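Any value given below was found using the heavy atoms of this structure, including those in side chains, with hydrogens, waters and symmetry copies removed. Since the model is a prediction, treat every value here as computed from it, not as a measurement. Order of appearance sets the numbers: ligands from 1, and atoms from 1 within every ligand.
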Amino acid sequence: MNFHILTLFPQMVEQGLNTSIIGRAQEKGILSVETINIREFTMDKHKKVDDYPYGGGAGMLMQAQPVYDAYLHVVEKIKTRQRPRVIYVTPQGKTFKQEMAKEFALEQDLIFLCGHYEGIDERVLEEIVTDYVSIGDYVLTGGELAAMVMIDSISRMVPGVLSNKESGETESFSDNLLEHPHYTRPEVWRGKEVPQVLLSGHHKRIEEWRKEQSLERTRIRRPDLYEKYLSNK
Ligand code: 4GT
């Protein structure tokens, strides 16, 4: 999987994605993360990339030209396939879900477009964007953090990124339910004991207990997911 991120703040994205599991996967050659600084593509002699909105109003907009030329630069580099998916991260998009992470993980190349200020000139969006995706109903100062959230989530669905120990088999949302609680040593901490069943070595009972906990936790904390689970049974 090759991620291409169009942004005005490449350092922000690089810092965040060169560490831990995603950093290791890049070293292993399973993933690549490339940032493209939109500012490097401006034709403006003062390197300007933004301007006032037609019709008035607060704030500035990113102009179409540098965004489009940065996009063309990536497309030329990829070449292989006709049209790569271009994800514009925006609060106006469809909400990002685990299912989408799995679907995007099947692509060879993904281009993320990150906006700043009040957003981007609509005409270039119409021209290049294939998917409008949001990470939730709140506003950020830029799309970078949203793109990083999605890239992290997509990456762990790419085969080889997670080790067996980190495996995504049993995890929240694998069964559309929240995970059961977890415990590690010591057996007693501040007077609180680890549930006895987990020390029993009785694998069938442990599995039953975990499923029960998982269901109860989902019912209390995420009634919306619990209803969905029941209706799918
Ligand atoms: C929220 C999200 C996002 C923003 C989200 C364009 C200028 C959008 C600033 C950007 N806010 N991006 N992707 N909820 N802000 O996903």
Side-chain angles (χ1 to χ4, degrees), residues 1-19 22 31 33-42 44 46-74 84-105 107 109-158 172-173 221-222 224-225:
M1 164 70 74
N2 306 306
F3 294 105
H4 312 269
I5 304 135
L6 306 174
T7 170
L8 288 175
F9 300 94
Q11 345 72 276
M12 184 176 176
V13 180
E14 283 157 16
Q15 284 290 337
L17 296 173
N18 286 339
T19 331
I22 309 303
L31 297 180
V33 178
E34 175 207 28
T35 54
I36 298 92
N37 189 343
I38 295 168
R39 195 175 297 280
E40 288 178 12
F41 292 85
T42 182
D44 182 86
H46 300 113
K47 296 239 164 184
K48 196 170 70 83
V49 291
D50 60 343
D51 213 327
Y52 299 97
Y54 280 116
M60 302 291 273
L61 288 171
M62 286 168 66
Q63 294 171 287
Q65 178 272 318
V67 172
Y68 190 62
D69 288 353
Y71 161 78
L72 288 181
H73 172 80
V74 174
R85 284 175 92 166
V86 178
I87 300 164
Y88 181 45
V89 290
T90 166
Q92 300 186 9
K94 191 171 156 190
T95 307
F96 188 72
K97 294 275 160 63
Q98 191 62 40
E99 286 309 309
M100 288 165 89
K102 288 181 193 165
E103 187 199 316
F104 283 132
E107 302 285 329
D109 292 276
L110 283 175
I111 302 179
F112 283 84
L113 173 57
C114 303
H116 238 86
Y117 319 116
E118 293 304 304
I120 305 181
D121 189 305
E122 188 69 19
R123 293 166 295 182
V124 69
L125 301 178
E126 289 172 7
E127 208 62 33
I128 71 175
V129 174
T130 59
D131 300 85
Y132 292 84
V133 189
S134 166
I135 59 166
D137 290 338
Y138 39 83
V139 182
L140 304 168
T141 58
E144 285 77 11
L145 284 169
M148 287 161 70
V149 165
M150 293 181 210
I151 290 167
D152 188 281
S153 171
I154 293 163
S155 294
R156 61 189 294 292
M157 291 296 112
V158 173
S172 290
F173 302 116
R221 296 188 186 178
R222 290 293 306 273
D224 57 325
L225 291 181

Parallel, tilted or perpendicular: which describes the rings of Tyr132 and Tyr88, with under 30° parallel and over 60° perpendicular?
perpendicular
Are there any protein N or O atoms under 3.5 Å from the N or O atoms of ligand 1? List them with distances, or say none.
residue: ligand 1; atom: 11 (N); partner: Leu140; partner atom: N; Å: 2.8
residue: ligand 1; atom: 13 (N); partner: Val89; partner atom: O; Å: 3.4
residue: ligand 1; atom: 13 (N); partner: Thr90; partner atom: N; Å: 3.2
residue: ligand 1; atom: 14 (N); partner: Ser134; partner atom: OG; Å: 3.4
residue: ligand 1; atom: 14 (N); partner: Gly136; partner atom: O; Å: 2.9
residue: ligand 1; atom: 14 (N); partner: Tyr138; partner atom: O; Å: 3.1
residue: ligand 1; atom: 15 (N); partner: Leu140; partner atom: O; Å: 3.1
residue: ligand 1; atom: 16 (O); partner: Ile135; partner atom: N; Å: 2.8

Is there a donor-acceptor pair closer than 3.5 Å between any side-chain N or O of Thr95 and the backbone N or O of Ser134?
no
I'd like to know if the side chain of Ser153 reaches the main chain of Val149, judged simply by a donor and an acceptor atom lying under 3.5 Å from each other, with no hydrogens or angles considered.
no
Where is the tightest heavy-atom contact between Phe112 and Ile154, given as atom of each residue plus distance?
CZ-CD1, 3.9 Å
If you look at every heavy atom in Leu31 and Ile22, which pair is closest and at what distance?
CD1-CG2, 3.9 Å
Hey, is Glu126 close enough to Arg123 for a salt bridge, meaning N to O under 4.0 Å?
no
